[in-house]
Amino acid sequence: MPDAVSNAPGDPESGDAAGPLAEQIETAYRRIGITSAHVGIVAMVLFGVFFDAIEQNTVGIAGPMLREQWGLGGTEIGLLNTATFTAVALGRVLAGALMDRFGRRMLLGLNLLVFAFGSVLCAIAPNYEVLVGARFLVGLGLGGEIATAVIMLAEFFSAKHRGTAVGLINVAAAGLGNMLAPLFGVIVFAVFSGDDGWRWLFGTLVLPALAVVVYRRALPETPRYLAAQGRITEANTVLNRLAAGKLRGDVAHTVQYLVVPDEREHASAPTARWTELLGPAYRRSTLALAIAVTMSYAAQISMLTLIPVILTERGMSITSALWYTLVMQSGSLVGALTAAGLARRLPRRLTLTAAAMLGVVAGLGFGFFATNIALVLAFGFLFNFSVIILNTTIWLFAPEQYPTRIRGLATSVILAIGSLSGGLFPLIAGAVLDGYGVGAMFAVLAGLFAVCALAVRFPRETFGQPMPEDR
């Protein structure tokens with residue numbers, strides 16, 4: 001039995017005028033509100049990014065054990081993250097180009113399968129060189145996951161709820177994932193207490209990754225992407241599923257939310273070109289956000305990679321160091337929750353500037369005033385709190401600068417630049433730590449926050465505005 005379609009002119013529940021596509025989609029989302037289908041979509045996305053975040057912490061967690069068994073220094077441990085995040089950068093660029101061409105949904109499953117294969121290789125690596133190569137493969141899989149998740153959630157929600165939805169990604173990833181990663185390490189090392197504990201650390205993440213791939217089978221393509229490709233009928237189908245709160249099965253009553261002239265029904269938007277990112281329309285936003293994310297990722301990944309090493313060098317056991325790291329990482333969860341809340345209330349640039357300046361205070365405090373464990377924990381908490389507000393808000397801010405046809409590519413390139421800096425900068429931070437000590441290293445990280453505070457003043461403000469479209 002065919003679904004009933006409501007498209008009478010003047011119907012308050014239909015798209016009764018073929019206005020600009022961005023306005024039609026925004027109006028449809030406002031009418032639909034938040035349903036159980038939205039909740040299901042968010043859950044499917046967040047489960048994946050949660051395990052990705054744990055994976056990104058594994059080098060730091062395994063670092064002290066690898067240092068003891070294989071005689072690695074801070075620079076060699078940093079190189080493991082360099083391999084990972086260099087590949088993350090490459091994976092994000094590839095994912096950005098592919099998601100604008102083939103859609104957002106396909107990329108999520110592919111990313112996790114590549115990641116799972118790389119994790120298996122990490123677990124069985126016979127030497128340091130193979131482990132570096134395996135981490136590169138893991139990074140390729142990780143690379144597209146966050147970028148695709150950010151785009152998907154940004155495109156499934158109205159301006160009112162978009163900030164909170166994207167912010168939840170970092171609640172799951174940098175918040176819960178980063179905070180619980182040390183606990184995950186403690187549990188793995190307790191269950192597998194021998195010299196192969198670090199191998200089990202990498203290997204046990206394969207099963208949840210494969211489970212998430214299966215769980216995400218019901219995830220639909222985003223209406224914004226479908227509409228931008230001229231697939232208006234399919235976009236309306238997904239919108240009606242959102243309205244009915246059903247990701248599977250038939251929808252009894254449908255509404256024609258999007259209306260375009262007949263000749264444009266199957267006319268897709270122009271193909272995205274790399275040169276557009278630095279063209280007159282987007283140059284300012286692209287450069288400013290690239291600089292900002294370079295600074296924030298460099299600070300964050302340096303902290304994640306080297307803090308367990310710093311604590312164990314102060315005489316702590318690896319278990320104690322991981323517990324203290326967990327306490328400091330709780331700042332990530334609080335920061336992600338704060339960023340998700342602020343996204344509905346404050347302009348993006350104000351939030352970013354305030355968080356960057358707070359990061360300067362945290363970096364200098366940790367480097368020069370953390371003379372006892374209480375202050376180490378306090379400044380470490382504040383450091384993670386600040387950097388996660390920055391990353392969460394940048395993840396939201398970047399997709400809002402670009403139309404759908406180029407949004408995946410542009411956002412992925414910006415996040416890839418951040419990942420590349422996150423991969424390379426721990427080498428610098430590790431060398432500064434080895435040569436000049438903790439104070440010098442955190443002074444450098446404070447400087448990164450200061451540059452970030454300047455860069456975030458330049459993109460156009462997008463708070464409360466519909467996401468842009470070409471038509």
Are Phe449 and Phe383, when compared by the centres of their aromatic rings, separated by less than 6.0 Å? yes
Of all heavy-atom pairs between Thr353 and Ala453, which one has the smallest distance, and what is that distance? OG1-O, 4.2 Å
Could you pull out the closest heavy-atom pair between Ala298 and Leu445, with the gap in Å? O-CD2, 4.5 Å
Within the supplied structure, the quantity of interest is the number of heavy atoms (other residues, nucleotides, ligands) at a distance under 6.0 Å from Phe463 CZ; does it exceed 12? yes
Ion pair Lys160/Glu26, N-O distance below 4.0 Å: no
Atom of Ser332, atom of Asn384 and distance for their closest heavy-atom approach: OG-CB, 3.5 Å
Rounded to the nearest 0.5 Å, how far does OG1 of Thr222 lie from CZ of Arg407? 8.0 Å
Any chance you could lay out the side chain to side chain contact (heavy atoms under 4.5 Å, CB included) test for Gln300 and Leu448, step after step, and finish with the verdict? CA-CA 10 Å; Gln300 180 192 21; Leu448 300 180; over 6 Å; no
Ser421 and Pro426 have their tightest heavy-atom pair at O-CD, 4.0 Å
Can you establish whether the number of heavy atoms outside Phe50 located under 6.0 Å from its atom CZ is more than 12? yes
Run the side chain to side chain contact (heavy atoms under 4.5 Å, CB included) test on Tyr297 and Ile417 for me, step by step, so that the C-alpha distance in whole Å, both residues' side-chain angles and the decisive distance to 0.1 Å come before the verdict. CA-CA 9 Å; Tyr297 271 49; Ile417 291 170; over 6 Å; no
Can we call the ring centroids of Phe157 and His38 under 6.0 Å apart? yes
